[in-house]
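Structure first, commentary second.
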Amino acid sequence: MSPYNTEKSASRYILVSLAVILFVTAMVLVILQSSYFRNLQTGFGAGNTYEDGYAKGFSRARDLGYASGLPRPSEKTVLTGTVESVDDSSVTFTLSGLVLDDAVDEAGLVRTAFVTKDTKITTLTYISPEENTKNQIAYGEKIRNLAPGSPLPTPPIPYVEAVASFTSLTPGDLITVTSVNGQDLIQLPTFYVSKMAVVQQ
């Protein structure tokens, strides 16, 4: 065999070897990729789904927030939120000021409050900062001039409350709702309310 043929055979062997290596590498990558996406769908390990991972991650992030000073939700009889929709006897609204998630908590941020004939519906219109300051100064004067043993005067409030109707509620309104008989609302998706106030902005 001539040196030329020997060199040609060696080159062919190298090319075949490289082709086999590339084919095997490609198959390994395909298998790994398939396994990765299958794990995304079915969970990383037995009984460990994507939803489990999300819930654990959300809870962990929230716990870190609490550790850094974020207030933990305690028992709440009054909730505040923005109206999403209004029905004949209920209003669906999104809570503000709480860190909750439907996939983690018993109730998320969207709640539905039901009213009855006994529910008090009002509007709250906040007075100007100047008027509020004036009222606070006047209240301080009353306290300073209070005779010993006299009852404390009622402190001023920064808003004016007026009677309203349920039919006046519209999506986008900011409302506060108060539970019936002091019921804790923190983990209730639906509930009846004794009072509903529309905050005028």
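Given the structure is predicted, the values throughout are model-derived calculations rather than measurements. The first residue in the sequence is number 1, and the count goes up from there.
Nearest heavy-atom pair across Thr119 and Met196 is CG2-N, 4.3 Å. Closest non-hydrogen pair, Lys76 versus Asp184, comes out as N-OD1, 2.8 Å. Among all heavy-atom pairs drawn from Ser179 and Ser194, the shortest one is O-OG, 2.9 Å.
Ile127 belongs to a hydrophobic cluster whose remaining members, ordered by chain and number, are Val160; membership requires side-chain heavy atoms of ILVMFWY residues under 4.5 Å apart, directly or through intermediates.
Leu188 and Val180 fall into different hydrophobic clusters, defined by Ile, Leu, Val, Met, Phe, Trp and Tyr side-chain heavy atoms under 4.5 Å apart, directly or through other members.
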Taking distance alone, no hydrogens or angles, what donor-acceptor pairs closer than 3.5 Å link side-chain atoms of residues 137-149 to residues at least two apart or in another chain?
unit_1 : atom_1 : unit_2 : atom_2 : d
Tyr139 : OH     : Pro153 : O      : 3.3
Glu141 : OE2    : Arg144 : NH2    : 2.6
Asn145 : ND2    : Glu141 : O      : 3.1

Compile the donor-acceptor pairs under 3.5 Å between side chains in residues 78-93 and protein atoms, sequence neighbours left out, one pair per line.
unit_1 : atom_1 : unit_2 : atom_2 : d
Glu84  : OE2    : Thr94  : OG1    : 2.8
Thr92  : OG1    : Thr112 : OG1    : 3.2

Contacts under 3.5 angstrom, residues 161-169 side chains, donor-acceptor by atom type, not counting sequence neighbours:
unit_1 : atom_1 : unit_2 : atom_2 : d
Glu161 : OE2    : Thr122 : OG1    : 3.0
Glu161 : OE2    : Lys195 : NZ     : 2.9
Ser165 : OG     : Thr167 : OG1    : 3.2
Ser168 : OG     : Ser165 : O      : 2.6

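The distance from atom CD1 of Ile157 to atom CG of Leu124, rounded to the nearest 0.5 Å, is 8.5 Å.
At a threshold of 4.5 Å between non-hydrogen side-chain atoms, the residues Leu174 and Val198 do not count as touching.
Applying the ring-ring contact (aromatic ring centres under 6.0 Å, His included) test to residues at least two apart or on different chains, the pairs with a partner in residues 109-133 are Phe114-Tyr192, Tyr126-Tyr159. Sorted pairs that involve residues 112-137 and meet salt bridge (Lys or Arg N to Asp or Glu O under 4.0 Å), not counting sequence neighbours, are lacking altogether.
Within the 3.5 Å criterion, the main-chain N or O of Phe191 finds no donor-acceptor partner in the side chain of Arg111. With hydrogens and angles ignored, the 3.5 Å screen pairs no side-chain donor or acceptor of Asp173 with any backbone N or O of Ile175.
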